[in-house]
Amino acid sequence: MLKMLALVSLAAFAQAGGPYLANGVRVGEVDQDSAIMWIRTTAAPQADFGMLPIFTEGLGADDKDEGSMPADVLPGMSGEVQVQYMAVTDQAPNIQDTDWIPVDNDGDFVAQIPLTNLKPGATYTYLVRARASGRDEATAGVSGQFQTAPDPSDDRPIRFIVTTCQAVRSIDSGAAGHHTYQQMLAFDPHFFVHTGDIVYYDKAPLAKTVAEARAKWNLMFAYGHNRDFHLNVSSYFMKDDHDTLVNDCWPGQTYGDITWEEGLALFREQVPMGEKTYRTIRWGRDVQVWMTENRDFRSANTAPDGPDKTILGAKQKAWLKRTIKASDAKYKFIITPGPIVGPDKPGKNDNHSNEGFLHEGQELRDFIASQENVFVITGDRHWQYCSVDPRTGVVELGCGPINDEHNYGGDPGYQPEWHRFFSEKGGFMGITVENGEARAEWFGRDPDYAKSPVPMMRHRERLGTK
Ligand SMILES: [Fe+2]
(Lines give C-alpha, C1' and ligand atoms only; values in the text may rest on other atoms or scores of the structure.)
Protein backbone atom coordinates (compact mmCIF):
# COMPACT_ATOMS: atom_id res chain seq x y z
CA MET A 1 0.00 0.00 0.00
CA LEU A 2 2.90 2.39 0.64
CA LYS A 3 3.83 2.30 -3.01
CA MET A 4 0.27 3.17 -3.97
CA LEU A 5 0.35 6.19 -1.67
CA ALA A 6 3.59 7.27 -3.26
CA LEU A 7 1.93 7.10 -6.66
CA VAL A 8 -0.98 9.25 -5.57
CA SER A 9 1.14 11.86 -3.86
CA LEU A 10 3.02 12.47 -7.09
CA ALA A 11 -0.17 13.38 -8.94
CA ALA A 12 -0.14 16.42 -11.22
CA PHE A 13 3.29 17.84 -10.63
CA ALA A 14 5.27 20.00 -13.01
CA GLN A 15 8.78 21.45 -12.89
CA ALA A 16 10.23 24.35 -14.82
CA GLY A 17 11.64 23.52 -18.22
CA GLY A 18 9.29 20.81 -19.35
CA PRO A 19 8.16 18.79 -21.14
CA TYR A 20 4.72 19.11 -19.55
CA LEU A 21 1.49 17.15 -19.85
CA ALA A 22 -1.01 19.98 -20.40
CA ASN A 23 -3.31 17.73 -22.45
CA GLY A 24 -3.59 15.19 -19.65
CA VAL A 25 -4.10 11.58 -20.65
CA ARG A 26 -6.93 9.78 -22.40
CA VAL A 27 -7.53 6.06 -21.98
CA GLY A 28 -9.26 4.56 -24.99
CA GLU A 29 -10.45 1.31 -26.60
CA VAL A 30 -10.71 -0.42 -23.24
CA ASP A 31 -11.89 -4.03 -23.33
CA GLN A 32 -11.52 -6.96 -20.91
CA ASP A 33 -7.72 -7.04 -21.03
CA SER A 34 -6.29 -4.05 -22.89
CA ALA A 35 -6.39 -0.28 -23.35
CA ILE A 36 -4.56 2.44 -25.26
CA MET A 37 -3.11 5.40 -23.37
CA TRP A 38 -2.91 8.66 -25.31
CA ILE A 39 -0.25 11.08 -24.07
CA ARG A 40 1.10 14.35 -25.53
CA THR A 41 4.20 16.15 -24.31
CA THR A 42 3.80 19.93 -24.30
CA ALA A 43 6.14 22.93 -24.14
CA ALA A 44 3.96 24.75 -21.57
CA PRO A 45 2.05 23.63 -18.46
CA GLN A 46 -1.17 25.00 -19.95
CA ALA A 47 -2.56 26.35 -23.22
CA ASP A 48 -2.39 30.06 -24.01
CA PHE A 49 -6.07 30.67 -23.30
CA GLY A 50 -5.59 34.44 -23.63
CA MET A 51 -4.74 34.28 -27.32
CA LEU A 52 -8.31 34.85 -28.52
CA PRO A 53 -11.45 35.89 -26.59
CA ILE A 54 -13.40 32.98 -28.13
CA PHE A 55 -11.11 30.50 -26.32
CA THR A 56 -12.61 31.38 -22.95
CA GLU A 57 -15.84 33.21 -23.81
CA GLY A 58 -17.18 31.11 -26.68
CA LEU A 59 -18.86 32.78 -29.63
CA GLY A 60 -21.16 35.64 -28.70
CA ALA A 61 -24.54 36.09 -30.36
CA ASP A 62 -23.25 38.97 -32.49
CA ASP A 63 -19.84 37.45 -33.32
CA LYS A 64 -19.06 36.13 -36.78
CA ASP A 65 -18.17 32.44 -37.13
CA GLU A 66 -14.77 33.08 -38.71
CA GLY A 67 -11.09 33.83 -37.93
CA SER A 68 -8.15 31.42 -38.05
CA MET A 69 -7.06 28.98 -35.37
CA PRO A 70 -3.61 30.00 -34.01
CA ALA A 71 -1.32 27.03 -34.61
CA ASP A 72 0.78 27.77 -31.51
CA VAL A 73 -1.87 27.74 -28.76
CA LEU A 74 -0.13 24.80 -27.07
CA PRO A 75 3.05 23.68 -28.85
CA GLY A 76 4.43 20.20 -28.27
CA MET A 77 7.90 19.40 -26.97
CA SER A 78 10.14 16.38 -27.47
CA GLY A 79 10.78 14.17 -24.50
CA GLU A 80 10.04 10.76 -23.02
CA VAL A 81 6.99 9.38 -21.23
CA GLN A 82 6.34 6.40 -18.99
CA VAL A 83 3.23 4.81 -17.51
CA GLN A 84 2.99 3.11 -14.12
CA TYR A 85 -0.29 1.36 -13.44
CA MET A 86 -1.94 -1.16 -11.17
CA ALA A 87 -5.30 -2.74 -10.49
CA VAL A 88 -6.99 -1.65 -7.26
CA THR A 89 -7.46 -4.90 -5.35
CA ASP A 90 -7.52 -6.14 -1.79
CA GLN A 91 -4.26 -7.92 -2.35
CA ALA A 92 -0.76 -6.50 -2.34
CA PRO A 93 -0.40 -3.95 -5.14
CA ASN A 94 1.30 -5.15 -8.28
CA ILE A 95 2.63 -2.04 -9.99
CA GLN A 96 3.53 -2.47 -13.62
CA ASP A 97 5.43 0.02 -15.70
CA THR A 98 6.28 0.63 -19.32
CA ASP A 99 9.65 1.60 -20.71
CA TRP A 100 10.39 5.30 -21.15
CA ILE A 101 9.08 5.97 -24.64
CA PRO A 102 10.47 8.77 -26.82
CA VAL A 103 8.00 11.37 -28.14
CA ASP A 104 8.91 13.80 -30.90
CA ASN A 105 7.60 16.08 -33.60
CA ASP A 106 6.73 13.14 -35.84
CA GLY A 107 3.01 12.99 -35.05
CA ASP A 108 2.35 16.12 -32.96
CA PHE A 109 4.34 14.87 -29.92
CA VAL A 110 1.74 12.17 -29.24
CA ALA A 111 2.50 8.74 -27.78
CA GLN A 112 -0.16 6.03 -27.90
CA ILE A 113 0.87 3.29 -25.52
CA PRO A 114 -0.93 -0.06 -25.48
CA LEU A 115 -1.54 -1.61 -22.06
CA THR A 116 -2.07 -5.36 -22.25
CA ASN A 117 -2.74 -8.30 -19.92
CA LEU A 118 -5.14 -6.23 -17.82
CA LYS A 119 -7.70 -7.86 -15.50
CA PRO A 120 -11.38 -7.74 -16.56
CA GLY A 121 -13.87 -5.73 -14.51
CA ALA A 122 -11.13 -3.92 -12.60
CA THR A 123 -10.36 -0.35 -11.58
CA TYR A 124 -6.86 0.67 -12.58
CA THR A 125 -4.97 3.65 -11.22
CA TYR A 126 -2.05 5.08 -13.12
CA LEU A 127 0.69 7.67 -13.07
CA VAL A 128 2.06 9.08 -16.32
CA ARG A 129 5.34 10.94 -16.13
CA ALA A 130 7.31 12.97 -18.67
CA ARG A 131 10.97 13.92 -18.75
CA ALA A 132 13.43 15.59 -21.09
CA SER A 133 15.20 13.22 -23.46
CA GLY A 134 18.17 11.52 -21.82
CA ARG A 135 17.45 12.93 -18.34
CA ASP A 136 16.61 10.95 -15.20
CA GLU A 137 14.26 13.28 -13.33
CA ALA A 138 10.63 13.65 -14.33
CA THR A 139 9.41 17.13 -15.26
CA ALA A 140 5.67 16.49 -15.15
CA GLY A 141 3.21 13.87 -13.97
CA VAL A 142 -0.52 13.26 -13.99
CA SER A 143 -2.50 10.44 -12.43
CA GLY A 144 -5.98 9.06 -12.84
CA GLN A 145 -7.98 5.90 -13.17
CA PHE A 146 -10.00 3.82 -15.59
CA GLN A 147 -12.22 0.74 -15.62
CA THR A 148 -11.81 -2.40 -17.70
CA ALA A 149 -14.81 -4.20 -19.16
CA PRO A 150 -16.20 -7.09 -17.10
CA ASP A 151 -16.43 -10.58 -18.58
CA PRO A 152 -19.74 -11.72 -20.19
CA SER A 153 -20.42 -13.83 -17.09
CA ASP A 154 -20.26 -10.79 -14.76
CA ASP A 155 -23.71 -9.44 -13.83
CA ARG A 156 -22.66 -6.23 -12.07
CA PRO A 157 -24.52 -2.97 -12.97
CA ILE A 158 -23.07 -0.95 -15.85
CA ARG A 159 -23.33 2.81 -16.35
CA PHE A 160 -22.14 4.65 -19.41
CA ILE A 161 -22.36 8.11 -20.93
CA VAL A 162 -22.80 9.26 -24.50
CA THR A 163 -22.39 12.80 -25.77
CA THR A 164 -21.68 14.55 -29.07
CA CYS A 165 -20.89 17.90 -30.70
CA GLN A 166 -18.62 20.24 -28.74
CA ALA A 167 -16.74 23.25 -30.04
CA VAL A 168 -14.49 26.09 -29.03
CA ARG A 169 -17.36 28.43 -29.90
CA SER A 170 -19.59 26.71 -27.30
CA ILE A 171 -17.13 27.00 -24.38
CA ASP A 172 -19.14 27.92 -21.26
CA SER A 173 -16.62 27.88 -18.38
CA GLY A 174 -13.56 29.87 -19.44
CA ALA A 175 -10.30 27.93 -19.21
CA ALA A 176 -12.22 25.08 -17.54
CA GLY A 177 -13.96 24.45 -20.89
CA HIS A 178 -17.27 22.62 -20.98
CA HIS A 179 -19.05 22.41 -17.62
CA THR A 180 -20.79 19.19 -18.68
CA TYR A 181 -17.51 17.30 -18.28
CA GLN A 182 -17.58 18.09 -14.56
CA GLN A 183 -21.23 17.03 -14.32
CA MET A 184 -20.55 13.79 -16.16
CA LEU A 185 -18.14 12.72 -13.41
CA ALA A 186 -21.08 12.89 -10.96
CA PHE A 187 -22.78 10.14 -12.98
CA ASP A 188 -19.78 7.92 -12.13
CA PRO A 189 -19.70 6.10 -15.49
CA HIS A 190 -17.82 2.90 -16.22
CA PHE A 191 -17.16 4.28 -19.67
CA PHE A 192 -17.83 7.20 -22.01
CA VAL A 193 -18.52 7.40 -25.73
CA HIS A 194 -18.10 10.54 -27.81
CA THR A 195 -19.96 10.06 -31.08
CA GLY A 196 -18.05 12.72 -32.99
CA ASP A 197 -17.77 16.43 -33.78
CA ILE A 198 -15.26 16.50 -30.95
CA VAL A 199 -13.79 19.56 -32.64
CA TYR A 200 -15.14 21.56 -35.61
CA TYR A 201 -12.46 22.42 -38.16
CA ASP A 202 -14.98 24.53 -40.14
CA LYS A 203 -16.28 26.67 -37.27
CA ALA A 204 -14.59 29.58 -35.52
CA PRO A 205 -11.70 29.78 -35.29
CA LEU A 206 -11.29 27.98 -38.63
CA ALA A 207 -8.67 25.23 -39.03
CA LYS A 208 -7.71 24.88 -42.69
CA THR A 209 -4.21 23.43 -42.36
CA VAL A 210 -2.95 20.32 -40.56
CA ALA A 211 -1.11 22.56 -38.06
CA GLU A 212 -4.28 24.54 -37.28
CA ALA A 213 -6.33 21.35 -37.01
CA ARG A 214 -3.85 19.88 -34.52
CA ALA A 215 -3.97 23.12 -32.51
CA LYS A 216 -7.74 22.78 -32.20
CA TRP A 217 -7.37 19.33 -30.66
CA ASN A 218 -4.53 20.59 -28.46
CA LEU A 219 -6.79 23.35 -27.10
CA MET A 220 -9.92 21.22 -26.65
CA PHE A 221 -8.20 18.78 -24.31
CA ALA A 222 -6.29 21.45 -22.38
CA TYR A 223 -9.51 22.86 -20.88
CA GLY A 224 -9.71 21.92 -17.18
CA HIS A 225 -13.03 20.04 -17.01
CA ASN A 226 -12.48 18.30 -20.36
CA ARG A 227 -8.98 17.15 -19.37
CA ASP A 228 -9.85 16.06 -15.83
CA PHE A 229 -12.81 13.95 -16.98
CA HIS A 230 -10.68 11.98 -19.40
CA LEU A 231 -8.00 11.38 -16.79
CA ASN A 232 -10.56 9.34 -14.87
CA VAL A 233 -12.92 7.60 -17.32
CA SER A 234 -12.41 4.94 -19.99
CA SER A 235 -13.37 6.57 -23.28
CA TYR A 236 -14.24 5.64 -26.86
CA PHE A 237 -13.97 8.22 -29.62
CA MET A 238 -15.90 8.17 -32.89
CA LYS A 239 -15.60 10.67 -35.68
CA ASP A 240 -18.23 12.56 -37.63
CA ASP A 241 -18.06 15.19 -40.36
CA HIS A 242 -16.59 18.26 -38.63
CA ASP A 243 -13.72 16.35 -36.98
CA THR A 244 -12.98 14.45 -40.18
CA LEU A 245 -12.92 17.51 -42.44
CA VAL A 246 -16.01 19.65 -43.04
CA ASN A 247 -19.81 19.66 -42.74
CA ASP A 248 -21.51 16.55 -44.26
CA CYS A 249 -18.28 15.38 -45.93
CA TRP A 250 -17.55 12.20 -47.89
CA PRO A 251 -14.37 10.50 -49.20
CA GLY A 252 -12.23 12.47 -51.59
CA GLN A 253 -13.23 15.92 -50.40
CA THR A 254 -10.83 18.53 -49.03
CA TYR A 255 -11.13 21.46 -46.62
CA GLY A 256 -8.66 24.34 -47.04
CA ASP A 257 -5.27 22.65 -47.33
CA ILE A 258 -6.43 19.48 -45.52
CA THR A 259 -6.91 16.42 -47.74
CA TRP A 260 -9.31 13.57 -46.97
CA GLU A 261 -6.39 11.26 -46.10
CA GLU A 262 -4.88 13.88 -43.79
CA GLY A 263 -8.25 14.28 -42.07
CA LEU A 264 -8.45 10.54 -41.37
CA ALA A 265 -4.83 10.44 -40.14
CA LEU A 266 -5.39 13.46 -37.86
CA PHE A 267 -8.27 11.75 -36.08
CA ARG A 268 -6.27 8.58 -35.39
CA GLU A 269 -3.38 10.73 -34.18
CA GLN A 270 -5.48 12.84 -31.81
CA VAL A 271 -7.54 10.12 -30.07
CA PRO A 272 -6.66 6.68 -28.71
CA MET A 273 -8.40 4.58 -31.34
CA GLY A 274 -6.14 1.83 -32.63
CA GLU A 275 -6.66 0.28 -36.05
CA LYS A 276 -10.41 -0.32 -36.03
CA THR A 277 -12.73 2.58 -36.88
CA TYR A 278 -15.77 0.37 -36.21
CA ARG A 279 -15.86 -2.01 -33.28
CA THR A 280 -17.97 -3.80 -30.67
CA ILE A 281 -17.19 -4.13 -26.96
CA ARG A 282 -18.93 -6.37 -24.45
CA TRP A 283 -19.45 -4.83 -21.00
CA GLY A 284 -20.49 -7.63 -18.65
CA ARG A 285 -23.47 -9.96 -18.92
CA ASP A 286 -26.08 -7.43 -19.99
CA VAL A 287 -24.40 -4.78 -22.16
CA GLN A 288 -22.77 -4.82 -25.58
CA VAL A 289 -22.09 -1.69 -27.61
CA TRP A 290 -21.41 -1.37 -31.33
CA MET A 291 -19.72 1.82 -32.53
CA THR A 292 -20.14 2.38 -36.25
CA GLU A 293 -17.94 4.27 -38.74
CA ASN A 294 -20.02 6.60 -40.89
CA ARG A 295 -17.42 8.56 -42.90
CA ASP A 296 -14.75 6.19 -44.24
CA PHE A 297 -16.93 4.04 -46.50
CA ARG A 298 -19.85 6.25 -47.49
CA SER A 299 -21.22 7.11 -50.92
CA ALA A 300 -21.43 10.76 -51.92
CA ASN A 301 -24.44 12.37 -50.26
CA THR A 302 -25.44 13.65 -53.69
CA ALA A 303 -25.55 10.18 -55.34
CA PRO A 304 -29.03 8.89 -56.27
CA ASP A 305 -30.51 6.60 -53.60
CA GLY A 306 -30.71 2.87 -54.26
CA PRO A 307 -29.47 -0.51 -53.02
CA ASP A 308 -25.83 0.40 -53.63
CA LYS A 309 -25.88 3.77 -51.88
CA THR A 310 -24.33 3.35 -48.45
CA ILE A 311 -23.02 5.01 -45.33
CA LEU A 312 -21.62 1.90 -43.64
CA GLY A 313 -20.16 0.08 -46.66
CA ALA A 314 -20.89 -3.59 -47.40
CA LYS A 315 -18.19 -5.05 -45.16
CA GLN A 316 -19.10 -3.06 -42.05
CA LYS A 317 -22.82 -3.67 -42.57
CA ALA A 318 -22.29 -7.44 -42.79
CA TRP A 319 -20.13 -7.30 -39.64
CA LEU A 320 -22.79 -5.30 -37.79
CA LYS A 321 -25.57 -7.76 -38.60
CA ARG A 322 -23.46 -10.86 -38.01
CA THR A 323 -22.15 -9.77 -34.61
CA ILE A 324 -25.51 -8.51 -33.36
CA LYS A 325 -27.17 -11.81 -34.29
CA ALA A 326 -24.37 -13.70 -32.51
CA SER A 327 -24.53 -11.66 -29.29
CA ASP A 328 -26.15 -13.05 -26.14
CA ALA A 329 -25.96 -9.71 -24.28
CA LYS A 330 -29.37 -8.75 -22.91
CA TYR A 331 -29.14 -5.13 -24.14
CA LYS A 332 -27.49 -4.24 -27.43
CA PHE A 333 -26.72 -0.62 -28.23
CA ILE A 334 -25.78 0.55 -31.72
CA ILE A 335 -23.95 3.83 -31.14
CA THR A 336 -23.88 5.80 -34.37
CA PRO A 337 -22.50 9.21 -35.36
CA GLY A 338 -25.76 10.01 -37.18
CA PRO A 339 -29.43 9.08 -36.69
CA ILE A 340 -31.05 5.94 -38.10
CA VAL A 341 -34.59 6.79 -36.96
CA GLY A 342 -34.74 10.59 -36.61
CA PRO A 343 -36.71 12.67 -37.28
CA ASP A 344 -34.03 15.02 -38.54
CA LYS A 345 -34.46 18.72 -39.16
CA PRO A 346 -35.62 19.64 -42.68
CA GLY A 347 -33.09 19.99 -45.48
CA LYS A 348 -30.50 17.45 -44.31
CA ASN A 349 -29.15 14.69 -46.54
CA ASP A 350 -26.31 13.12 -44.59
CA ASN A 351 -27.71 10.23 -42.55
CA HIS A 352 -29.97 7.15 -42.45
CA SER A 353 -33.02 9.11 -41.33
CA ASN A 354 -32.78 11.36 -44.42
CA GLU A 355 -34.36 10.66 -47.81
CA GLY A 356 -30.97 10.56 -49.52
CA PHE A 357 -30.14 7.31 -47.70
CA LEU A 358 -33.68 5.93 -47.50
CA HIS A 359 -32.79 2.50 -48.89
CA GLU A 360 -30.03 1.66 -46.41
CA GLY A 361 -31.97 3.39 -43.63
CA GLN A 362 -34.97 1.09 -44.19
CA GLU A 363 -32.70 -1.94 -44.36
CA LEU A 364 -31.15 -1.07 -41.00
CA ARG A 365 -34.45 -0.23 -39.29
CA ASP A 366 -35.96 -3.52 -40.53
CA PHE A 367 -32.94 -5.46 -39.31
CA ILE A 368 -32.94 -3.80 -35.88
CA ALA A 369 -36.68 -4.44 -35.49
CA SER A 370 -36.10 -8.14 -36.23
CA GLN A 371 -33.65 -8.48 -33.31
CA GLU A 372 -34.26 -8.52 -29.56
CA ASN A 373 -33.47 -5.48 -27.44
CA VAL A 374 -31.40 -3.50 -29.92
CA PHE A 375 -31.47 0.25 -29.24
CA VAL A 376 -29.97 3.00 -31.38
CA ILE A 377 -27.96 5.74 -29.66
CA THR A 378 -27.10 8.63 -31.93
CA GLY A 379 -24.98 11.73 -31.81
CA ASP A 380 -24.73 14.59 -34.31
CA ARG A 381 -28.13 16.19 -33.74
CA HIS A 382 -28.12 19.32 -31.54
CA TRP A 383 -31.12 18.38 -29.43
CA GLN A 384 -31.92 15.61 -26.92
CA TYR A 385 -34.62 13.09 -27.73
CA CYS A 386 -36.11 9.64 -27.51
CA SER A 387 -37.96 8.69 -30.69
CA VAL A 388 -39.77 5.59 -31.95
CA ASP A 389 -39.95 4.79 -35.66
CA PRO A 390 -43.69 4.70 -36.41
CA ARG A 391 -43.20 1.95 -39.03
CA THR A 392 -40.91 -0.52 -37.23
CA GLY A 393 -40.98 0.49 -33.56
CA VAL A 394 -37.18 0.93 -33.45
CA VAL A 395 -36.20 3.16 -30.51
CA GLU A 396 -33.54 5.85 -30.96
CA LEU A 397 -31.90 7.75 -28.11
CA GLY A 398 -30.41 11.10 -29.17
CA CYS A 399 -27.82 12.17 -26.62
CA GLY A 400 -27.76 15.83 -27.68
CA PRO A 401 -24.81 18.26 -27.79
CA ILE A 402 -22.41 19.04 -24.96
CA ASN A 403 -24.36 22.06 -23.66
CA ASP A 404 -27.28 24.41 -24.21
CA GLU A 405 -24.99 26.86 -26.04
CA HIS A 406 -24.41 24.25 -28.75
CA ASN A 407 -27.96 24.29 -30.11
CA TYR A 408 -26.74 25.63 -33.46
CA GLY A 409 -28.62 25.16 -36.68
CA GLY A 410 -32.15 24.55 -35.48
CA ASP A 411 -34.09 21.40 -34.63
CA PRO A 412 -37.28 19.68 -35.82
CA GLY A 413 -39.27 20.61 -32.70
CA TYR A 414 -41.42 18.14 -30.77
CA GLN A 415 -43.07 15.69 -33.18
CA PRO A 416 -45.78 13.74 -31.31
CA GLU A 417 -45.87 10.87 -33.84
CA TRP A 418 -42.19 10.18 -33.14
CA HIS A 419 -41.02 11.65 -29.85
CA ARG A 420 -41.39 10.19 -26.40
CA PHE A 421 -39.04 12.94 -25.24
CA PHE A 422 -37.69 16.06 -26.90
CA SER A 423 -35.56 18.94 -25.58
CA GLU A 424 -33.72 21.59 -27.56
CA LYS A 425 -31.12 21.71 -24.75
CA GLY A 426 -27.76 19.93 -24.39
CA GLY A 427 -25.76 18.04 -21.78
CA PHE A 428 -25.31 14.27 -21.86
CA MET A 429 -27.17 10.99 -21.79
CA GLY A 430 -26.50 8.24 -19.28
CA ILE A 431 -27.47 4.59 -19.67
CA THR A 432 -27.79 2.37 -16.61
CA VAL A 433 -28.27 -1.38 -16.77
CA GLU A 434 -28.78 -3.08 -13.42
CA ASN A 435 -30.63 -6.17 -12.23
CA GLY A 436 -31.43 -6.98 -15.85
CA GLU A 437 -33.24 -3.67 -16.43
CA ALA A 438 -32.10 -0.72 -18.53
CA ARG A 439 -32.90 2.97 -18.49
CA ALA A 440 -31.78 6.06 -20.38
CA GLU A 441 -31.55 9.43 -18.63
CA TRP A 442 -30.91 12.82 -20.21
CA PHE A 443 -29.08 15.42 -18.15
CA GLY A 444 -28.23 19.12 -18.42
CA ARG A 445 -27.73 22.27 -16.40
CA ASP A 446 -30.34 23.43 -13.92
CA PRO A 447 -30.88 27.09 -14.87
CA ASP A 448 -31.21 28.02 -11.19
CA TYR A 449 -27.94 26.31 -10.24
CA ALA A 450 -26.00 26.74 -13.46
CA LYS A 451 -22.59 25.90 -12.03
CA SER A 452 -23.65 22.91 -9.96
CA PRO A 453 -21.28 19.96 -10.28
CA VAL A 454 -24.39 17.78 -10.15
CA PRO A 455 -26.47 17.66 -13.34
CA MET A 456 -30.24 18.07 -13.55
CA MET A 457 -32.17 15.12 -14.98
CA ARG A 458 -34.55 16.18 -17.75
CA HIS A 459 -36.07 12.82 -18.58
CA ARG A 460 -35.89 9.12 -17.72
CA GLU A 461 -36.97 6.42 -20.16
CA ARG A 462 -37.21 2.75 -19.27
CA LEU A 463 -35.91 0.61 -22.13
CA GLY A 464 -38.34 -2.25 -22.58
CA THR A 465 -37.40 -5.83 -23.24
CA LYS A 466 -39.03 -8.16 -25.71
FE1 LIG B 1 -22.65 18.92 -34.61
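Just so you know, ligand 1 is whichever comes first in the structure, and atom 1 is the first atom listed for that ligand. All residue numbers in this chain count up from 1 along the given sequence.
Across Phe191, Phe333, Phe146, Trp290, a single residue satisfies ring pair (Phe, Tyr, Trp, His ring centres under 6.0 Å) together with Tyr236, and that is Phe191. Exactly one of His406, Gln166, Lys216, Arg169 qualifies for a side-chain hydrogen bond (donor to acceptor under 3.5 Å, both in side chains) with Tyr200. That residue is His406.
For Arg295 and Asp350, the salt-bridge test passes: some basic side-chain N is under 4.0 Å from an acidic carboxylate O.
Not a single N/O/S atom of His406, whether from backbone or side chain, sits less than 2.8 Å from the Fe ion (ligand 1). Contact annotation: Thr164 places no N, O or S atom under 2.8 Å from the Fe ion (ligand 1). Coordination check, His242 versus the Fe ion (ligand 1): failed, since every N/O/S atom of the residue sits at 2.8 Å or beyond.
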Might you work through the ring-ring contact (aromatic ring centres under 6.0 Å, His included) test for Trp442 and Phe421, ending with a clear yes or no? CA-CA 10 Å; Trp442 287 262; Phe421 163 66; 5.0 Å; yes
